[in-house]
2 protein chains.
Amino acid sequence: MGTTGRLDCILESLEQANTLDGLQTASLSLRDHLRVEHIAYHWVDSAGDQYGCGTYSLAWQERYISQNYQRIDPVVIGCFQRFHPVDWKQLDWSSKAARAFQLEAIEHGIGNQGFSMPVRGPNGQFALFTANDSCDDNTWATFTERHRHELVLIAHYLNEKALEIEPGRTPEIAPALSPREVDAMTLLAIGYSRAQVAEQLSISEHTLRVYIESARFKLGALNTTHAVARALSRGLIVV
Amino acid sequence: MGTTGRLDCILESLEQANTLDGLQTASLSLRDHLRVEHIAYHWVDSAGDQYGCGTYSLAWQERYISQNYQRIDPVVIGCFQRFHPVDWKQLDWSSKAARAFQLEAIEHGIGNQGFSMPVRGPNGQFALFTANDSCDDNTWATFTERHRHELVLIAHYLNEKALEIEPGRTPEIAPALSPREVDAMTLLAIGYSRAQVAEQLSISEHTLRVYIESARFKLGALNTTHAVARALSRGLIVV
DNA sequence: TTTCCACTCCCCAAAAATAGCGAGGCGTCA
DNA sequence: TGACGCCTCGCTATTTTTGGGGAGTGGAAA
């Protein structure tokens, strides 16, 4: 199996990449380095928008996207609820849809063993990095144990690169809110009504409204809910 | 500086830890390994609830929590908007509050150089791992460059451990929203009024209301704004 | 010094959201 | 088959939020 030294080289070449093609090339190196059949980086957007690179067949990728399989894919669902990398065997394949999905995947050349690592970025960004192969359970267990650190690192750097390449998906620069506006947005975000927020801040409800309005204006929001959503997704408030 | 071998040992002992004290002990080893003045793991929780471990003085930790400094701490705010680790020098210290905060931190023994790594878990969980020291810019740049991989790994494993130790702290397991509920929450989050959402989804406003209510119920939210905020911060919708 | 911004307070009328009921059809899973 | 969840539609009434005005303080920056 590859050495840490070689991984460093690959990560370095990954740093040079600045297009999706670059990521694709890096994927191939990574696969060779890890000596597995497939690796895949898969950016999952809840709007169903997707994006990724890896060594899965194009036919499978297209099929996956066109069928919106991320909705039923146990790998996606399972990783979404976890922080640590997971072996596919630990996932829930019990539903009918999941088993049908798995069969179809295998028909498209996906191996029976998989190990996937969830990665999360700002604004709820979510992606997976997967290593995939066909082998028996023991071989796979040895592989995952030995490469755990590497897989974590690879997932991190791939996602870092993906975020860099797709800046359209990252947030606009945030227009700072005043302290009172932050207070107001924060309390609204945790469910307080206007009256409660005003009481909490010891100001009149009329005053509070001015803050909400000015925050709404600064955030270019159409209403309070929108303003809170923008403040949240731009990291101006933390709930 | 330490070798990768030693880091592996520390990470292994980290794996054994199963209490906050264990994390605290691991922090000390990590500090020695990295040869910095301070390291800190800081779980930034909703509602200002906090949690962490590290080598900062108790006085500072208490002060930080009692003053809710995570609201103005440029490290928290900056990391919250980013994926990659950041040097404190790259952050925005321009506001008055931020500068006052920095001065106070230094008085409490925090070094002038810092390097922080954001980590995110399921349900919008968010934490920081920081290495901190007092030295000149060049020394620090060399340090951060050499230890980048290590810091990423440490942050990952510390957070994995923290999630394991404090499972109660993770917000309730995300009660998946139905597709229509997701639609409703998403459109509300981008500023549509109820009438507009209903029109967009081609359903009656009455029906829409059922979705909003059931989403609110599932999310344990007190009102629509709260529900949207929760859906956002748990990564159930993306705006 | 003047200008700007953050903070505070007030009124009123219209629009929107909420709470409480009700109903039926469709699909999946045990 | 029956339970359950999802999607769809209806009513009434109350509470809350919003949008449009205006007005004064104090501090910081230009």
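Reminder, nothing fancy here: chain letters follow the sequence lines and each chain counts from 1. Fair warning: this is a prediction, and the values are worked out from it, not measured in the lab.
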Take atom [atom1] of [X] and atom [atom2] of [N], then tell me their distance rounded to the nearest Å.
| X | N | atom1 | atom2 | answer |
| --- | --- | --- | --- | --- |
| Asn223(A) | dA16(C) | CG | P | 11 Å |
| Glu181(B) | dC6(D) | CD | P | 6 Å |
| Gln196(A) | dT15(D) | CD | P | 16 Å |
| Glu213(B) | dT18(C) | CD | P | 8 Å |
| Glu205(B) | dT18(C) | CD | P | 11 Å |
| Phe217(B) | dG20(C) | CZ | P | 13 Å |
| Ile203(B) | dG10(D) | CD1 | P | 11 Å |
| Ile212(B) | dA17(C) | CD1 | C1' | 9 Å |

Rounded to 10 degrees, the angle between the two terminal axes of the helix from dT1(C)-dA30(D) to dA30(C)-dT1(D), each from five pairs: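 The angle separating the two end axes equals 70°.
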
Under 3.5 Å side-chain donor-acceptor pair for Asp183(B) and Tyr211(B):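 No, because no side-chain N or O of Asp183(B) sits under 3.5 Å from a partner of the opposite role on Tyr211(B).
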
Qualifying salt bridge (Lys or Arg N to Asp or Glu O under 4.0 Å) pairs, either residue in residues 53-67 of chain A, two or more places apart: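 Salt bridge (Lys or Arg N to Asp or Glu O under 4.0 Å) check on residues 53-67 of chain A returns Arg63(A)-Glu104(A).
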
Pairs involving residues 106-118 of chain A, ordered by first then second residue, that meet salt bridge (Lys or Arg N to Asp or Glu O under 4.0 Å) (sequence neighbours left out):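 Found none.
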
Under 4.0 angstrom between Lys218(A) side-chain N/O and dC5(C) OP1 or OP2: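 For Lys218(A), the contact criterion (side-chain N or O under 4.0 Å from OP1 or OP2 of dC5(C)) is not met.
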
Under-4.0 Å side-chain N/O to phosphate OP1/OP2 contact, Ser178(A) with dC7(C):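 Yes, Ser178(A) has a side-chain N/O under 4.0 Å of OP1/OP2 on dC7(C).
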
Using the 3.5 Å cut-off, write out each protein N or O paired with an N or O of nucleotides 10-13 of chain C and the distance between them.
residue : atom : partner   : partner atom : Å
dC11(C) : N4   : Arg209(A) : NH2          : 3.4

Assign [X] to base, sugar-phosphate, or nothing according to its heavy-atom contacts below 4.0 angstrom with the strands shown.
| X | answer |
| --- | --- |
| Arg180(A) | sugar-phosphate |
| Leu222(A) | sugar-phosphate |
| Ser214(A) | nothing |

side-chain hydrogen bond (donor to acceptor under 3.5 Å, both in side chains) partners for Thr144(A), two or more places apart: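 Here no residue qualifies.
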
Partners passing side-chain hydrogen bond (donor to acceptor under 3.5 Å, both in side chains) against Thr139(B) (at least two apart in sequence or in another chain):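 Asp136(B).
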
5′-ward residue of the pair Ala195(B)/Leu208(A) relative to DNA chain C: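 Nearest-nucleotide comparison on DNA chain C picks Leu208(A).
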
Within-4.5 Å side-chain heavy-atom neighbours: Pro122(A) and Phe83(B):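 They are in contact (side-chain heavy atoms under 4.5 Å apart), so the answer is yes.
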
salt_bridge(Glu213(B), Arg209(B)) N-O dist < 4.0 Å: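 Yes, charged N to carboxylate O under 4.0 Å.
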
Check: Phe129(B) ring centroid to His156(B) ring centroid under 6.0 Å: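 No, too far apart.
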
Aromatic centroids of Tyr64(B) and His42(B) separated by under 6.0 Å: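 Judged by ring-centre distance (under 6.0 Å), His42(B) and Tyr64(B) do meet the cut-off.
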
Closest to the Arg194(B) side chain, choosing from dA17(C), dT8(C), dC7(C):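 The answer is dA17(C), which lies nearest to the side chain.
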
Stepwise side-chain contact (heavy atoms from CB on, under 4.5 Å) test for Thr186(B) and Tyr192(B): CA-CA 9 Å; Thr186(B) 305; Tyr192(B) 285 35; over 6 Å; no

